[in-house]
Amino acid sequence: MASVNGETENGETETVVRRLRDGMVAGVLSFPLTSFHDDGSLDPDGFRTHVAARIATTPGAVFPACGTGEFFSLDEDEYRTVVTIAVEEAAGRVPVVAGVGYGWAQAARFARIAEEAGADALLVLPHYLVAAPQDGLVAQLEQLAARTRLPLIAYQRGQVAFTASSLKRIAAIPGVIGLKDGHSDLDRLQRLTLAAPEGFLFFNGASTAEIQARAYATVGVPAYSSAVHAFAPEIANAFFEALHDGDDKTIERLLRDFYVPLVELRDRVPGYAVSLVKAAARLRGQPVGPVRAPLTDPSAADLAELTTLLTTGLDLVGAAL
């Protein structure tokens with residue numbers, strides 16, 4: 001396999017890249033929720049049940065303790081528990097990519113925990129609060145890559161946005177294997193894909209990525225993360241199959257009657273990108289519990305609307321609430 005960073009990769013990194021590439025073709029990228037008890041404490045048994053059910057529906061990879069998994073609210077012991085359980089339940093069947101974030105020093109501490117827990121790779125979430133120049137964005141990844149043996153996937157979203165020249169620089173960092181995009185700027189993204197070396201991985205990380213999946217595919221980024229997979233893998237997998245089969249009729253029916261209304265509901269309240277997903281998972285009987293502050297659970301009215309929408313979406317694919 002060609003190197004993704006211009007140097008000879010070690011066998012472990014090559015294996016991770018190959019498994020991720022294979023997974024991107026086989027299924028959606030699953031971002032499980034982190035389960036909490038009603039008092040806000042971590043619920044390891046609930047998380048084990050939830051992540052096992054996600055893995056059983058054959059996603060391309062599983063990404064614990066990322067944005068949907070409320071990484072920002074986990075302490076290091078909780079993070080270790082979550083990643084360890086995900087690795088145990090995956091049992092080598094799918095790659096496990098754990099989230100890390102904040103500044104590089106804190107990210108390195110989480111990276112060491114993920115290594116010890118057996119994760120295959122890391123998703124580097126956007127750094128905290130401050131805007132930074134391109135040199136700083138590159139240095140952030142250089143510092144982290146020097147402190148972990150795990151391959152890194154950079155995540156550009158919010159205050160993190162790479163230029164084509166910076167993309168070339170991060171792709172040359174040993175261990176940086178890909179980029180997840182959450183900006184949905186297809187002009188910029190096309191420039192990045194053209195600047196990348198052969199073998200570099202790209203992922204569609206837009207919120208409710210299915211909405212833009214066809215557009216991303218036109219610039220060479222067909223792989224995408226699916227928050228819907230956390231609560232309705234039947235819908236997520238039906239959309240994925242329709243996309244890969246070129247079944248535009250099914251795609252447009254699911255977009256019109258389920259995904260677009262879901263996005264409109266999500267956009268009403270900050271944080272609903274996570275709390276609506278958790279509420280929908282609870283409606284399906286998943287033991288995920290509430291969100292942690294500063295997020296809030298949906299209002300009764302929004303929950304009722306979500307229930308109707310979820311029932312409609314499941315009916316479209318021949319499943320039941």
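- The pair D302-R268 meets the salt-bridge criterion, since a charged nitrogen lies less than 4.0 angstrom from a carboxylate oxygen.
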- Message: Working note: R266 + V263, criterion side chain to side chain contact (heavy atoms under 4.5 Å, CB included); need CA distance, chi angles, decisive distance, verdict.
- Response: CA-CA 5 Å; R266 179 202 71 199; V263 168; 3.4 Å; yes
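- Salt-bridge check for R19 with E14: failed, with every basic side-chain N at 4.0 Å or more from each acidic carboxylate O.
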- Query: Where do T311 and T308 land on the side-chain hydrogen bond (donor to acceptor under 3.5 Å, both in side chains) test, with the steps shown first?
  - Reply: CA-CA 5 Å; T311 301; T308 299; over 6 Å; no
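- Contact detail for P151 and T13: the closest heavy-atom pair is CG-OG1, 4.0 Å.
- The closest donor-acceptor contact from the side chain of S275 to the backbone of T296 lies under 3.5 Å.
- Contact of the L122 side chain with the I153 side chain is not registered, since no non-hydrogen atoms from C-beta on lie closer than 4.5 Å.
- Placement of L262 and L295 in two distinct hydrophobic clusters is found when ILVMFWY residues are connected by side-chain heavy-atom separations under 4.5 Å, directly or transitively.
- Residues E142 and W104 have side chains not in contact (no heavy-atom distance under 4.5 Å, counting atoms from C-beta outward).
- Contact detail for P64 and F47: the closest heavy-atom pair is CB-CZ, 4.4 Å.
- At least one side-chain heavy atom of L255 sits under 4.5 Å from a side-chain heavy atom of F239.
- A donor-acceptor pair under 3.5 Å is formed between the side chain of E115 and the backbone N or O of R149.
- To the nearest 0.5 Å, atom CZ of residue R188 and atom CG of residue L186 are 12.0 Å apart.
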- Test log, rule side chain to side chain contact (heavy atoms under 4.5 Å, CB included), inputs L74 and T34: CA-CA 9 Å; L74 300 177; T34 299; 4.0 Å; yes
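- Ring pair F240/Y224 is tilted by interplanar angle, where 30° to 60° counts as tilted.
- In terms of modelled atom types and a separation under 3.5 Å, the side chain of R93 and the main chain of I55 share no donor-acceptor contact.
- A salt bridge is absent between R253 and D247: the closest approach of a Lys/Arg side-chain nitrogen to an acidic carboxylate oxygen does not fall below 4.0 angstrom.
- For the 3.5 Å distance criterion, the side chains of Q190 and T193 qualify, holding a donor opposite an acceptor.
- Side chains of R292 and F36 form a contact here, defined as non-hydrogen atoms less than 4.5 Å apart.
- Side-chain contact between V83 and E88 is absent, with no heavy-atom pair separated by less than 4.5 Å.
- Although no hydrogens or angles enter the test, the distance criterion places no donor-acceptor pair under 3.5 Å between the side chain of T148 and the main chain of L144.
- Annotation: the span from L276 atom CG to E305 atom CD amounts to 9.5 Å, rounded to 0.5 Å.
- A 6.0 Å sphere centred on CZ of R191 holds no more than 12 heavy atoms belonging to other residues, nucleotides or ligands.
- Judged purely by atom type and a 3.5 angstrom limit, T208 has no side-chain atom pairing as donor or acceptor with the backbone of I211.
- The nearest pair of heavy atoms linking N204 to A209 is ND2-O, 3.3 Å.
- Contact annotation: the side chain of H50 approaches that of R54 to within less than 4.5 Å [non-hydrogen atoms, C-beta and beyond].
- Looking only at side-chain heavy atoms (C-beta outward), L42 and T81 come within less than 4.5 Å of each other.
- Judged purely by atom type and a 3.5 angstrom limit, Q134 uses its side chain to pair as donor or acceptor with the backbone of A161.
- For K180 and Y155, the positive end sits near the middle of the six-membered ring, less than 6.0 Å away and at most 45° from its axis.
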- Please test R157 against S207 for side-chain hydrogen bond (donor to acceptor under 3.5 Å, both in side chains), starting from the C-alpha separation and ending with a verdict. CA-CA 10 Å; R157 192 186 187 107; S207 295; 2.4 Å; yes
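- Within a 6.0 Å sphere centred on CG of D245, other residues, nucleotides and ligands contribute more than 12 heavy atoms.
- A distance-only check finds no donor-acceptor pair linking the side chain of Y259 to the backbone of I251 [under 3.5 Å].
- For A281 against A230, the heavy-atom pair with the smallest separation is CB-O, 4.1 Å.
- Remark: Q286 CD to T49 OG1 distance equals 7.5 Å, nearest 0.5 Å.
- Inter-residue side-chain proximity for F200 and I177 is flagged as unmet; no heavy-atom pair is nearer than 4.5 Å.
- Note that CG of L243 is 14.0 Å distant from OH of Y216, once rounded to the nearest 0.5 Å.
- Atoms CD1 and CD1, from I170 and I173 in turn, are 6.5 Å apart once rounded to the nearest 0.5 Å.
- For the residue pair L283 and L321, the shortest heavy atom distance occurs at O-CD1, 4.1 Å.
- In terms of modelled atom types and a separation under 3.5 Å, the side chain of T218 and the main chain of A215 share a donor-acceptor contact.
- Pairing each heavy atom of V317 with each of A238, the nearest pair is CG1-CB, 3.5 Å.
- One N or O on the side chain of E78 and one on the backbone of D75 form a donor-acceptor pair closer than 3.5 Å.
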- Check step by step if side chain to side chain contact (heavy atoms under 4.5 Å, CB included) holds for E76 and F110. CA-CA 7 Å; E76 293 181 16; F110 283 103; 3.9 Å; yes
- Message: Before you tell me yes or no, could you show the steps for Y102 and Y128 under ring-ring contact (aromatic ring centres under 6.0 Å, His included), namely the whole-Å CA-CA distance, both residues' side-chain angles and the distance that decides it to 0.1 Å?
- Response: CA-CA 5 Å; Y102 308 123; Y128 173 68; 7.1 Å; no
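- Note: T312 OG1 to L254 CG = 11.5 Å, rounded to the nearest 0.5 Å.
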- Item | Intermediate values then yes/no, side chain to side chain contact (heavy atoms under 4.5 Å, CB included), L179 and L192 | CA-CA 9 Å; L179 177 75; L192 296 182; 3.7 Å; yes
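- Judged by distance alone, with hydrogens and angles left aside, the side-chain atoms of Q159 form a donor-acceptor pair with the main-chain N or O of H127 at under 3.5 Å.
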